[in-house]
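First the structure, in the form of structure tokens, and then the observations on it.
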Protein chains: 2
Amino acid sequence: MSIQERRERERAHRHRLIVKTARELAETEGWEAVTTRRLAERIEYSQPVLYSHFAGKDAIVTAVALEGFEELAGVLSRARASAATPAEALAAAARAYTDFADANPALYDAMFTLTTDLPFGRPDSPAPLKAAFGELLTVCASAAGDRDAETFTEVAWSALHGLVTLARGGRLRAGQRDQRLGLLVGQLLATPDRP
Amino acid sequence: MSIQERRERERAHRHRLIVKTARELAETEGWEAVTTRRLAERIEYSQPVLYSHFAGKDAIVTAVALEGFEELAGVLSRARASAATPAEALAAAARAYTDFADANPALYDAMFTLTTDLPFGRPDSPAPLKAAFGELLTVCASAAGDRDAETFTEVAWSALHGLVTLARGGRLRAGQRDQRLGLLVGQLLATPDRP
DNA sequence: TCTGTTGTCTAGCGCTGCTAGGATAGCGTC
DNA sequence: GACGCTATCCTAGCAGCGCTAGACAACAGA
């Protein structure tokens, strides 16, 4: 059995190598530079090897995205743990979220712009997705007050996502990042007037 | 001079035909179906004709996006005109924005996801961009109170953009659109606690 | 040592955006 | 009315893309 085990170990190692290399290549040269040929060259194997590990290029991007959701969940979890009050937790999570996106632009693109086939908010969702959204839900729920927690989470998440993506394309004024984040968190924590 | 005028007229007509066809093709079959070959076939000219009108495929997408910004400005303007109070105007604009994005998904993608070279918020920005953002700024400024109008506008816009894009990818619960929009507008109109 | 399986590579398909160079149509001029 | 020129358009092709069929080599078991 030892031989087969070694092979499986090597396969797993190469699997991780493909994902790691794709991510690095995307982060340094952008996703348009991530072609199956260049990826194969980087891992020092031929193209078809990629297809023995993944169904196609999309599956590789998805694998990178899953890594991203895992890391995002960790980042949000730490932010939440570092805060004393629900309001502080929301502010910390918001900052952690945008910092994460800014630090890993290609990864963020894989998670939200390139990948379309990851099922969200469903029983069969991959664990990292559930974890990441679960973290968001936890931190938002404790700050939601009498508003619907899930709706509140979706709105907060959307706002953060919008800030990240619009800022990325140069659509928002550079250097005003903190002001926007502060205003957003302030509005989310405010108590709406009862009409 | 009449001959040259006719030719210029024909050129202008064909220019519009290309943009119109690209938009239709994208809206019915998605942007991945908009290839230079298929586009050329649809307009009943050969491929190189496209390149006598546009520098490349990106330029065609950009032209479609500009059309979108023009229409968005009109939609927002009408929403603002239909409202009596600043709060109503903000709510109407938010609804108009998301309705516009939902009704023209491919157009919205061209404006915000595919096009990256349109300069925003700069003196040399194309007029439609200035008009669209100007409408947003107007409606947000009157609802901003003592908050910085431009920052408030950027945050509101980001939130709407986030709602649209996340909902598109199935990332948000279907059927909760109105609840999210209502909650967002309520939060934006709320007065934050003074810390 | 031979055989069958497993794994990898070479070569190639149909597609993409884009372009060089030849053919053609229609103008202004004689 | 015939000619030459210019502007326009098309055919054909390039390099690169994602992906795959089939040849080939390496290796486990008999």
Side-chain angles (χ1 to χ4, degrees), chain A residues 1-19 21-23 25-26 28-65 106 109-110 113-117, chain B residues 1-19 21-23 25-26 28-65 106 109-110 113-117:
Chain A
M1 273 300 174
S2 162
I3 288 161
Q4 194 165 351
E5 280 176 9
R6 174 183 54 85
R7 285 190 169 168
E8 281 172 12
R9 223 164 40 229
E10 286 172 354
R11 264 195 80 78
H13 174 259
R14 203 169 52 181
H15 192 98
R16 286 195 305 273
L17 178 65
I18 292 171
V19 177
T21 306
R23 177 174 174 178
L25 195 52
T28 54
E29 303 184 41
W31 277 108
E32 71 279 359
V34 182
T35 70
T36 55
R37 277 169 236 272
R38 296 187 62 174
L39 191 50
E41 191 185 7
R42 286 266 180 128
I43 65 168
E44 296 179 319
Y45 281 94
S46 69
Q47 266 182 302
V49 167
L50 300 175
Y51 294 88
S52 75
H53 285 271
F54 298 94
K57 193 191 167 186
D58 286 355
I60 299 176
V61 178
T62 299
V64 173
D109 280 343
T113 308
L114 302 174
T115 303
T116 56
D117 56 346
Chain B
M1 271 303 172
S2 160
I3 290 161
Q4 197 165 350
E5 279 175 9
R6 175 183 55 81
R7 285 190 170 167
E8 282 171 11
R9 222 164 41 231
E10 287 172 354
R11 262 194 80 78
H13 175 258
R14 201 169 52 183
H15 191 97
R16 286 195 303 274
L17 177 65
I18 292 171
V19 177
T21 307
R23 178 175 171 177
L25 195 52
T28 54
E29 303 185 40
W31 277 109
E32 70 278 359
V34 183
T35 70
T36 55
R37 274 169 238 272
R38 297 187 63 174
L39 191 49
E41 191 185 5
R42 287 265 181 130
I43 65 167
E44 295 180 320
Y45 281 94
S46 68
Q47 267 182 299
V49 167
L50 300 174
Y51 294 89
S52 75
H53 285 271
F54 298 93
K57 193 191 167 186
D58 286 355
I60 299 177
V61 178
T62 300
V64 173
D109 279 344
T113 307
L114 301 174
T115 303
T116 55
D117 56 346

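Numbered from 1 within each chain, the chains take letters A, B, ... in sequence-line order. As the structure is a computational prediction, the values presented were derived from the model and not from experiment.
In this structure, CG in B:D117 is found 4.0 Å from OG1 in B:T62, a value given to the nearest 0.5 Å.
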Pairs under 3.5 Å (N/O, protein and nucleotides 18-21 of chain D):
unit_1 : atom_1 : unit_2 : atom_2 : d
D:dG18 : OP1    : A:K57  : NZ     : 3.1
D:dG18 : OP2    : A:T36  : N      : 2.7
D:dG18 : OP2    : A:T36  : OG1    : 2.8
D:dG18 : N7     : A:R37  : NH2    : 2.9
D:dG18 : O6     : A:R37  : NH2    : 2.9
D:dC19 : OP2    : A:Y51  : OH     : 2.9
D:dC19 : OP2    : A:K57  : N      : 2.7
D:dC19 : O5'    : A:Y51  : OH     : 3.4
D:dC19 : N4     : A:Q47  : OE1    : 2.7
D:dC19 : N4     : A:Q47  : NE2    : 3.1

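In this structure, CD1 of A:I60 is placed 14 Å from P of D:dC17, rounded to the nearest angstrom. For B:R38 and C:dG17, the CZ to P distance is 11 Å, given to the nearest whole Å. The interatomic distance linking B:L39 (CG) with C:dC15 (C1') rounds to 16 Å, in whole Å. Taking atom CD of B:E32 as the reference point, atom P of C:dG17 lies 12 Å away to the nearest angstrom. B:F54 places its CZ atom 18 Å from the C1' atom of C:dT19, with the value rounded to the nearest Å. Look at OH on A:Y45: it is 17 Å from C1' on C:dT10, rounded to the nearest Å. For the pair B:L50 CG and D:dT11 C1', the computed distance is 15 Å after rounding to whole Å. Following rounding to the nearest Å, A:E44 (CD) and C:dC9 (P) show an atom-to-atom distance of 11 Å.
Pairs engaging residues 42-58 of chain B under the salt bridge (charged side-chain N to carboxylate O under 4.0 Å, His left out) rule: B:E29-B:R42 [sequence neighbours left out].
Listed by chain and residue number, B:Q47 satisfy the side chain to side chain donor-acceptor pair (under 3.5 Å) test with B:T36 (two or more places apart in sequence, or in another chain). With sequence neighbours left out, the side chain to side chain contact (heavy atoms under 4.5 Å, CB included) criterion links B:I43 to B:L17, B:I18, B:T21, B:Y45, B:L50. By the side chain to side chain contact (heavy atoms under 4.5 Å, CB included) test, B:A110 pairs with B:W31, B:V61, B:V64, B:A65, sequence neighbours left out. A:F54 meets the ring pair (Phe, Tyr, Trp, His ring centres under 6.0 Å) test with A:H15; sequence neighbours excluded.
Dashed line: the shortest gap from a side-chain N or O of B:R14 to OP1 or OP2 of D:dT8 is not under 4.0 Å.
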